[in-house]
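Here is how names work: the chains are called A, B, and so on, in the same order as the sequence lines, proteins then strands, and each is numbered from 1. As the structure is a computational prediction, the values presented were derived from the model and not from experiment.
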Amino acid sequence: MIPLAEMLLDWYARHGRHDLPWRQTRDSYRLWLAEIMLQQTQVDSVKPYYGRFLEVLPNWQALAEAPLDQVLALWSGLGYYARARNAQRAAQEVVTRHAGHFPDTLDAAITLPGVGRSTAAAVLASAFGQKHAILDANARRVLIRSHAIDADPRATATQHRLWSLASALTPHDAHSYNQAIQDLGAMICTPRQPRCRACPLAGLCMARAQGRSHDLPVARVKAAKPERCVCFLLARDADGRVLLEKRPETGIWGGLWCLPEAAPGGGEHPVLCPDAAYPLQDTSVLRQSLRAVWARRLALHLELTMLEEEQRHAFTHFQLRFRCVHARVLGGAVADSAVPLRWHDPAEALAQGLPTPMRRILERMVKAADSSRVTRLIPRRRVRVI
DNA sequence: GACTCGTGGAA
DNA sequence: TTTCCAAGAGT
């Protein structure tokens, strides 16, 4: 065995994170689900979602047959929602095309939606004991530092080099090795402030020998984050229900329930609209624009009552600035629309698949309603119409 | 190749 | 406060 692999396996046996939930099983479904949830997502974020998901949908069959809304509700807050949609499609393929068994070759596994080379390799190594190398962010960082690779990690040529390096180093016990290199990347060879003194590879690490541990991998060129501005409608009907719309299946927050949007610049879905930077100051122009957009789309007689303070939500490639606009419904009915619109009781809404900012808004609203119930003895002040 | 796709933690 | 980036894959 190559010394690097031997050192890693020895270190892993003594210091690895053997207690992670997905390391208590060799079941392909559970291993695959963990790999999907862990894509671009840190371990601590995944843990609560993983247990809940498996409790409700414990096998391929259950996931394949579940309503997509239920899958998205279980994913709500975890982000990258295409993973949830692809996961269900993959489960359906496993059931229909593979007789309920995860494919046992790399090429077949990669054809599943949401399963790339690294994910397929991880599942096949752990579920079936096959020898396949992974190349995730942890493994990539460890290889780049140990071999002092100062080329751009995102360049195709570097990717090829890293994959062949990963394959060459991976020993027969790929199951243990894959987890070992991930744990080293997560616990010792961290992105910032690597703990080189505790590293089992310190003796052969070229970056350390060259005093460049902190400088590798080379930083990516940062692109300026554009802003998008939008108002979300918090409309309540006479029963206190709130209006939600189901977003299109593709794009930001695809398939999730969301407060209706509007932007002064118009557009069906401003959140999806690049360069949608509009002023959000509380002006009569803004209020008229919002009323016009929502009147046209929703066919409701709305009375705007309040604009909340501006909030922000950061995405990977842009920053969202938004304000919540409170409104009472005086009349009209939700229009027939290509986009499903539905009135939800607040508690029921929180059980749906919601993006995190929507969940926060609705939770705050429910909390406010609870506290106002306590003080209901005091007559509610008349709401100012704006 | 260059974009697109979420969210939370750490510094 | 802002910045960075994670157990990547799809288009």
C/dA6 phosphate, OP1 or OP2, under 4.0 Å from A/R141 side-chain N/O: yes
Touch class at under 4.0 angstrom, heavy-atom based, for A/P217 against every strand present: nothing
Touch class at under 4.0 angstrom, heavy-atom based, for A/R89 against every strand present: nothing
Among C/dA9, C/dA7, B/dA10, the one nearest A/W22 by side-chain distance: C/dA7
B/dC3 OP1/OP2 closer than 4.0 Å to side-chain N/O of A/H317: no
Closest to side chain of A/T41, choosing from C/dA6, B/dG6, B/dT7: B/dG6
Touch class at under 4.0 angstrom, heavy-atom based, for A/V46 against every strand present: nothing
Within 45° cone and under 6.0 Å: A/R52 NZ/CZ vs A/Y49 ring: yes
A/W32 side chain near C/dA7 phosphate (N/O to OP1/OP2, under 4.0 Å): no
Any A/Q40 side-chain N or O less than 4.0 Å from OP1/OP2 of C/dG8: yes
Under-4.0 Å side-chain N/O to phosphate OP1/OP2 contact, A/T119 with C/dA9: yes
Proximal nucleotide (of C/dA7, C/dG8, B/dT7) relative to the A/H313 side chain: B/dT7
Any donor-acceptor N/O pair under 3.5 Å between B/dG6 base and A/T316 side chain: yes
Sugar-phosphate, base or nothing in reach of A/A314, heavy atoms under 4.0 Å: base
Sugar-phosphate only, base, or nothing, as touched by A/L78 at under 4.0 Å among non-hydrogen atoms: base
B/dT7 phosphate, OP1 or OP2, under 4.0 Å from A/Y81 side-chain N/O: yes
Sugar-phosphate, base or nothing in reach of A/L112, heavy atoms under 4.0 Å: sugar-phosphate
Salt bridge flag under 4.0 Å for residues A/E261 and A/R247: yes
B/dT7 phosphate, OP1 or OP2, under 4.0 Å from A/S45 side-chain N/O: no
d(CG, A/D44; P, C/dC5) in whole Å: 19 Å
Options B/dG9, B/dT7, C/dA6, nucleotide nearest the side-chain atoms of A/F315: B/dT7
Check: B/dA2 base within 3.5 Å donor-acceptor of A/R154 side chain: no
Sugar-phosphate, base or nothing in reach of A/G185, heavy atoms under 4.0 Å: nothing
Hphob cluster co-occupancy, A/I188 + A/V43, side-chain heavy atoms under 4.5 angstrom: no
Linked, directly or transitively: A/V242 and A/L330 (ILVMFWY side chains, under 4.5 Å): no
ILVMFWY network linking A/F232 to A/W257, side-chain heavy atoms under 4.5 angstrom: yes
